[in-house]
Student: 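Have a look at this one.
In what follows, residues are counted from 1 in the order of the sequence shown. In this text the structure is predicted, and so the values were computed from the model without any measurement.
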Amino acid sequence: MKHCTTLVAASLLALCGNGAANPAEQFAAGAGNQSVAAPNRYPFESQTIGKALLNTLVLQAPRGPEFHKSAFEYPIVGPDGCTTRERVIIDGASEHTLASPCTVLYPQWVSVWDANVLVDPADVDVAHMVPLEEAWYSGAWAWTAKQRRDFANDLTNSYSLRVLTESTNAERGSSDPAHWWPTIDGYRCNYAAEWVWVKARWNLSVDPAEFEALMTELDETEDNYCRDKPVYVPPLGLNPGRGPASIIGGIFTPSGTPYSHIGVQAYDAHHALVRETRVRVEGSYELTGLPPGSYTVKFLGGTSGTSDQWYSEVPGGPPEVITLKAGSIASGITVAMVAAPGPASSAPPVPGSMPG
């Protein structure tokens, strides 16, 4: 096999680190239709984190009739006369000079999942981020022929189809992250985020073992790198969404306030408490597993020395109503906590009705 497995460290980090977690230029414009976000807050507009996105997916065992690859009609010929596969190979090459309309003249490709630089086209393959068989048993069996064709030939982003070493693609096969991860440990976080991104884009479900494997990676705590790494909210390939919704954000507090002493609560339109959690030590939180509907969010100072307050676009203003569709994420729901006027109570207030 004509490829090299040793790369200059800085080059590999640049390629792997920048390749897939934050393609702002590609996704920002189309992402806002699924996110209720305020600019310059955590996470930023149209962003989420992988853990919260994973929690919007439907959790269920694989199901459907027997898989047949022909159901996806891949690859197809595009308007430029090149097939989907040829277009991915052309776009993934380091040099785009063509020997023919659909063939690269001076080829070199980086296969980030195994850290190989490929120079022989015979070693190059194109992989679906979520393999076709995995997509089939995760919900695509119920799609129309056009929807399956759109999924299999999705060139609207850099996640769905990737250049990969042929042998690595054969090794991975149709495995999900419960059974296969990239051989490069440093790329596992990106791989998990990309996998979840594609599944969220296409309303695909996750099975319990797959969910556990992804959550373990996305919620790792050794250095918090993956847990809080921003990912752009995907524009939906299928409407409407299917899974539960999420509210995520962060807090700003007076200097020295212990973040983890602050609770966060979500109330529905009937002022009933639906979900609650605590702010993590780094100042962020996720309220996940929310049914579609309208919500208000309350931050409880508790023993932190800060006052209870509702999320509002205007500091100190009335509670802001956050409307969530199935599978959507409201990001950037962040407040600046203020110091309590007197000694803080030793226990959080009992959840009550909305203020008038």
Side-chain angles (χ1 to χ4, degrees), residues 1-23 26 50 69 74-75 82-100 102-135 152-199 210 213-214 216-218 220 225-226 229 231:
M1 182 178 295
K2 300 177 182 177
H3 64 262
C4 65
T5 57
T6 303
L7 303 180
V8 177
S11 299
L12 179 58
L13 287 173
L15 288 163
C16 296
N18 297 334
N22 290 317
Q26 293 180 338
K69 187 176 180 180
Y74 167 85
C82 301
T83 68
T84 306
R85 186 180 187 279
E86 289 168 335
R87 175 46 56 193
V88 174
I89 291 174
I90 292 170
D91 292 345
S94 60
E95 171 59 61
H96 292 174
T97 302
L98 300 179
S100 67
C102 300
T103 306
V104 178
L105 179 61
Y106 304 110
Q108 187 178 75
W109 298 268
V110 175
S111 172
V112 294
W113 294 353
D114 53 21
N116 286 324
V117 174
L118 309 174
V119 295
D120 185 347
D123 294 335
V124 178
D125 205 352
V126 173
H128 287 89
M129 181 69 232
V130 174
L132 299 181
E133 184 174 0
E134 167 68 22
N153 298 278
D154 189 2
L155 295 175
T156 65
N157 60 85
S158 63
Y159 289 174
S160 297
L161 290 157
R162 305 296 299 267
V163 168
L164 184 62
T165 307
E166 184 180 36
S167 58
T168 299
N169 198 23
E171 174 192 293
R172 185 184 76 138
S174 296
S175 299
D176 67 26
H179 303 97
W180 190 89
W181 285 101
T183 56
I184 304 302
D185 288 343
Y187 202 81
R188 286 176 58 140
C189 175
N190 275 3
Y191 186 85
E194 293 165 19
W195 181 279
V196 172
W197 191 95
V198 173
K199 284 220 159 179
E210 176 190 359
L214 289 163
T216 297
E217 179 63 30
L218 295 171
E220 61 85 20
Y225 169 75
C226 197
K229 188 172 184 179
V231 179

Student: Can you tell me how far SG of C102 sits from CZ of R87, rounded to the nearest 0.5 angstrom?
Tutor: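 Going from CZ on R87 over to SG on C102, the span is 7.0 Å.
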Student: Begin with the C-alpha distance, continue with both residues' side-chain angles, and end with the deciding distance and a verdict on side-chain contact (heavy atoms from CB on, under 4.5 Å) for W109 and D123.
Tutor: CA-CA 10 Å; W109 298 268; D123 294 335; over 6 Å; no
Student: Of the non-hydrogen atoms in L218 and C189, which two are nearest, and what is the gap between them?
Tutor: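 Smallest interatomic distance, heavy atoms only, reads CD2-O, 4.4 Å.
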Student: Does any non-hydrogen side-chain atom of V163 lie less than 4.5 Å from one of V124?
Tutor: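 Yes, side chains in contact.
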Student: Answer yes or no: are there more than 12 heavy-atom neighbours, outside H96 itself, under 6.0 Å from its atom NE2?
Tutor: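 Count over threshold, so yes.
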Student: Atom CG in D176, atom CD in E134: separation rounded to 0.5 Å?
Tutor: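 D176 atom CG to E134 atom CD measures 5.0 Å (nearest 0.5 Å).
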Student: Could you pull out the closest heavy-atom pair between S111 and L118, with the gap in Å?
Tutor: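 Closest heavy-atom pair between S111 and L118: CB-CD1, 4.3 Å.
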Student: Apply side-chain contact (heavy atoms from CB on, under 4.5 Å) to T97 and list each qualifying residue two or more places apart in sequence or on a separate chain.
Tutor: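 For T97, the residues satisfying side-chain contact (heavy atoms from CB on, under 4.5 Å) (neighbours in sequence not counted) are E95, L105, Y106.
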Student: Apply side-chain contact (heavy atoms from CB on, under 4.5 Å) to D125 and list each qualifying residue two or more places apart in sequence or on a separate chain.
Tutor: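 For D125, the residues satisfying side-chain contact (heavy atoms from CB on, under 4.5 Å) (neighbours in sequence not counted) are R85, E166, N169.
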Student: Go through the structure and list residues passing ring pair (Phe, Tyr, Trp, His ring centres under 6.0 Å) with Y74, not counting sequence neighbours.
Tutor: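 Counting only residues at least two positions away or on another chain, Y74 forms a ring pair (Phe, Tyr, Trp, His ring centres under 6.0 Å) with H128.
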Student: If I compare all heavy atoms of R172 with all of A127, which pair ends up nearest, and what's the gap?
Tutor: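 Closest pair (atom of R172, atom of A127, distance): NH2-CB, 4.0 Å.
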Student: For R188, check salt bridge (charged side-chain N to carboxylate O under 4.0 Å, His left out) against everything at least two apart and list the hits.
Tutor: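 R188 satisfies salt bridge (charged side-chain N to carboxylate O under 4.0 Å, His left out) with E217 once adjacent residues are dropped.
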Student: Could you pull out all residues at least two apart from E171 that satisfy side-chain contact (heavy atoms from CB on, under 4.5 Å)?
Tutor: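 Here the qualifying residues are W180.
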Student: With sequence neighbours left out, what residues match S174 under side-chain contact (heavy atoms from CB on, under 4.5 Å)?
Tutor: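 So S174 forms a side-chain contact (heavy atoms from CB on, under 4.5 Å) with P131, E133.
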Student: Roughly how far, to the nearest 0.5 Å, is the CG atom of L98 from the CD atom of E86?
Tutor: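 Between atom CD of E86 and atom CG of L98 there are 10.5 Å.
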Student: List the steps and the verdict of side-chain contact (heavy atoms from CB on, under 4.5 Å) for W195 and V130.
Tutor: CA-CA 6 Å; W195 181 279; V130 174; 4.1 Å; yes
Student: Any side-chain heavy atom of D114 within less than 4.5 Å of one from L164?
Tutor: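 In contact.
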Student: Shortest non-hydrogen contact from Y191 to P177?
Tutor: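 Where Y191 meets P177 most closely, the heavy atoms are CE2-CG, 4.2 Å.
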Student: Please find the pair of heavy atoms, one from L155 and one from L161, that lie closest to each other, and give the distance.
Tutor: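 The answer is CD2-CD1, 3.9 Å.
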Student: Testing the basics here: between A213 and W181, what is the closest heavy-atom pair and its distance to 0.1 Å?
Tutor: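 The pair with the smallest heavy-atom distance is O-CZ2, 3.6 Å.
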Student: Mark yes or no for whether N157, through its side chain, and S160, through its backbone, hold a donor-acceptor pair below 3.5 Å.
Tutor: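 Yes, the answer is positive, given that a donor and an acceptor are paired below the 3.5 Å cut-off.
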Student: What verdict does the side-chain contact (heavy atoms from CB on, under 4.5 Å) test give for V196 and L214, after you've listed the backbone C-alpha separation in whole Å, the side-chain angles of each residue and the deciding distance to 0.1 Å?
Tutor: CA-CA 8 Å; V196 172; L214 289 163; 4.0 Å; yes
Student: When rounded to the nearest 0.5 angstrom, what is the spacing between OH in Y225 and NZ in K229?
Tutor: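 One gets 2.5 Å once the value is rounded to the nearest 0.5 Å.
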Student: Please determine which of T103, I90, V88, I89 meets the side-chain contact (heavy atoms from CB on, under 4.5 Å) test together with C82.
Tutor: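 Exactly one pass, corresponding to I90.
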